[in-house]
> 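The following block contains the structure, expressed as structure tokens.
Note that ligands are numbered from 1 as they come in the structure, with each ligand's atoms numbered from 1 the same way.
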Amino acid sequence: MADHKTREQLIDEKEKMRQKFHELEACRYEFVSIQERYNRLIESAPDALVFVNPESKIVLVNAQLEKMFGYSEQELSGKDLEILIPERFRKTHHKNVSDYFSRPRVRPMGTNLEITALRKDGTEFPADISLSPLQTDEGLLATGAIRDITERKRAEHQIERNYHIQKVISAVLKVSLQPVSLEEQMDSILELILSIPGLALKPKGYIYLVEDDPDVLVLKAPRTIPDSEQSPCRKVPFGKCLYGQAAASCTTIFTDCVDESHEMRDLSKLPHGHYCVPILSGEKTLGVINLFVHEGHMRRQEEDEFLTAIASALASIVERHQVETEKHRLMEQLAEAEKLSALGRITANVADEIRNPLTSIGGFARRLQKKAVEGTKEREYAEFIVTEVTRMESILRNVISFTRGASPQKELFDVHDVIKEALRLFEERAGERSIIIERSFVEIPNIKGDKEQVQEAIENLFSNAIDAMPAGGTLSVATGRKVVNEQTYVTVNVKDTGKGISEENMNKIFEPFFTTKVVVKGTGLGLSITRKIMEEHGGFIKIESKVNTGSTFSLYFPFS
Ligand code: ADP
């Protein structure tokens, strides 16, 4: 007979089943909520997480990892972890995984576990990874927490570079205080710039400075580069090639390859680019730093800033040298002027001492000349003495005038009177050489000055004009008025049609003792005296001259 359950039994069983069902339901609920909590935990982790089994297969990843690497969970699930590592690091990867599972332990971040990670798109990034073992029902797993440290690395590099830059700048300042030549300082500074790690520069560069020629760069450092490479670019005019352009435009010029802007590209056949940084003092270019970079190098703001800082440190060094050189030059000039003034005083004394005996010799020689019979040796000797004494008297006059320390005796006078008196003295000499004298006088105000000195200045011009026309010509003297820089001047122009003055001599004619007169020897003091007189009268002298055509000397006397 079938074993029928009683109704009570069935009710009891049903109750038990219902209870079981509730228990199961509670279990399922608990399981789901644990799983959800677990998932939330994984997803809320700040780092990208990957769970790997001992076979290096990916069991689970979180959303951060998907985002970081560009894969979906499905794409990664069950794949070898090496998918997240660049090819070149895969060789040792499996051994590392098995080593870890043989001795599983917690390895926190920052314990030298920096890796290079590979994204789905093939790009790489530096990452820090921490590892910890995780025991699960499916066995032991390794949990890897991965952090992208690109920014940290960049900041570290930046700090390192800044440190080196600071070091270099303080070293540059130290070099600037060393008592060595400017060239040696430039060499040391160039070496310092090229020593900075991470600056992406080739270990090669030049420093150019502007010297006497204001628009030309002159190579200063390094002094050790081979002549073959150095000579074509030792002197570079502003505007030529990249560094000439940087000098002319006062801006940094950058290029990442050898292109047409490299006018001197044959010098370095290897591929390269350049940073050409001007060394500036305000708007003025003092030089250029020319550095080589690797081809394809990307211009970086921090490099620009660093090189500009170095260029400005260099500018102060160059300026300091210029000031020192100028100071040295002025000191030498002062010493020379003191020497000259002492010499001048001695010369003036000697000239004064000689003047009286010379007057006696001249007087007696002239008497002898008159008394001696024409054609005799005595007459010839007397004439010779007279000529030489006259010359010595003129030299003496000039020397005394040049070394004269006294200030001018000023009075108001008509400059025409002085000109007429001077012309009277030269009429005979001019006539002997068939020189025509032309006068052009206009109405002018009286000037205030030392009459004797002004006459001397004009006489010097007449004398030179006559000497410049040995074969005759025209000596024109004209007066006038001119306004220069809002100041009105009375002018005296002395014009000749003589041999003129060469450009080369133009800079020298006012130097004391400069003379080109060899036949009738000159003292070379006339123009120096004339200029000195003009300066003492608050005026100046101007020249226009053309070789074989003639010269015009103009004296400018101020009046108010
Ligand atoms: P000096 O007449 O004794 O040579 P100066 O100082 O008066 O000395 O002149 C210096 C030089 O300037 C002259 O030797 C001459 O070469 C040049 N010079 C001056 N005036 C003239 C002129 N009018 N024409 C040509 N050369 C001149």
> When you measure from the heavy atoms of L525 to every atom of ligand 1, does any distance fall below 4.0 Å?
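Yes, L525 has a heavy atom closer than 4.0 Å to ligand 1.
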> Heavy atom of G524 under 4.0 Å from ligand 1?
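A heavy atom of G524 does come that close to ligand 1.
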> Begin with the C-alpha distance, continue with both residues' side-chain angles, and end with the deciding distance and a verdict on ring-ring contact (aromatic ring centres under 6.0 Å, His included) for F540 and Y489.
CA-CA 10 Å; F540 59 93; Y489 293 88; 5.2 Å; yes
> Do S528 and ligand 1 have an N or O pair less than 3.5 Å apart?
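In this structure, S528 places no N or O atom under 3.5 Å from an N or O of ligand 1.
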> Which atoms of ligand 1 sit under 4.0 Å from any heavy atom of S551?
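Near S551, the atoms of ligand 1 are 24 (N).
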> L307 and Y275: which non-hydrogen atoms are nearest, and at how many Å?
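It is CD1-CG, 3.7 Å.
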> Considering distance alone, does some N or O of K499 sit under 3.5 Å from an N or O of ligand 1?
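There is no such contact.
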> With a 4.0 Å cut-off on heavy atoms, is N505 in contact with ligand 1?
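No; N505 lies far enough from ligand 1 that no heavy-atom distance drops under 4.0 Å.
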> Could you give me the CA-CA distance, side-chain angles and deciding distance for R299 and D256, then say whether salt bridge (charged side-chain N to carboxylate O under 4.0 Å, His left out) is met?
CA-CA 8 Å; R299 185 175 185 169; D256 64 352; over 6 Å; no
> Under a 4.0 angstrom heavy-atom cut-off, which atoms of ligand 1 come close to A468?
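The atoms of ligand 1 under 4.0 Å from a heavy atom of A468 are 22 (C), 24 (N), 25 (C).
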> Hey, are R429 and D467 close enough for a salt bridge, meaning a charged N less than 4.0 Å from a carboxylate O?
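Here R429 pairs with D467 in a salt bridge, since their nearest N and O are under 4.0 Å apart.
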> Show the nearest heavy-atom pair for residues V442 and G480, with the distance to one decimal.
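Nearest heavy atoms, V442 then G480: CG2-CA, 3.7 Å.
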> Under a 4.0 Å threshold between the charged nitrogen and the carboxylate oxygen, would R439 count as salt-bridged to E427?
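Looking at R439 together with E427, the answer is yes, because their closest N to O distance falls below 4.0 Å.
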> Should one rank I543, T552, D467, I509 by closest heavy-atom distance to atom 12 (O) of ligand 1, which comes out on top?
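Considering heavy atoms of I543, T552, D467, I509, the nearest to atom 12 (O) of ligand 1 sits in I509.
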> If you round to the nearest 0.5 Å, how far is CD1 of I458 from CZ of F426?
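Rounded to the nearest 0.5 Å, the CZ-CD1 separation comes to 11.0 Å.
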> Would you mind running through ligand 1 and noting each atom that sits below 4.0 Å from a heavy atom of T523?
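Within the 4.0 Å cut-off of T523, ligand 1 contributes 3 (O).
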> Would you mind telling me if ligand 1 is within reach of the side chain of F553, the backbone, both or neither, using heavy atoms under 4.0 Å?
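Looking at F553 and ligand 1, just side chain atoms fall under 4.0 Å.
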> May I ask you to list the atoms of ligand 1 that are less than 4.0 angstrom from any heavy atom of I501?
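Result: 25 (C), 26 (N), 27 (C).
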> Output the list of atoms in ligand 1 that are nearer than 4.0 Å to some heavy atom of T516, sorted by atom number.
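Every atom of ligand 1 under 4.0 Å from some heavy atom of T516: 13 (C), 14 (O), 15 (C), 16 (O).
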> Given L475, I466, N464, L461, identify the one with the heavy atom nearest to atom 19 (C) of ligand 1.
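Result: the heavy atom closest to atom 19 (C) of ligand 1 is in N464.
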> Tell me whether E383 is salt-bridged to R379, with the criterion being a basic N under 4.0 Å from an acidic carboxylate O.
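Salt bridge present between E383 and R379.
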> Between L525, N507, L527, N505, which is the residue that forms a side-chain contact (heavy atoms from CB on, under 4.5 Å) with F514?
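Considering L525, N507, L527, N505, a side-chain contact (heavy atoms from CB on, under 4.5 Å) with F514 is found only for N505.
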> Between L527 and ligand 1, which part of the residue brings a heavy atom under 4.0 Å of the ligand: side chain, backbone, both or neither?
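Within the 4.0 Å criterion, L527 contacts ligand 1 through backbone and side-chain atoms alike.
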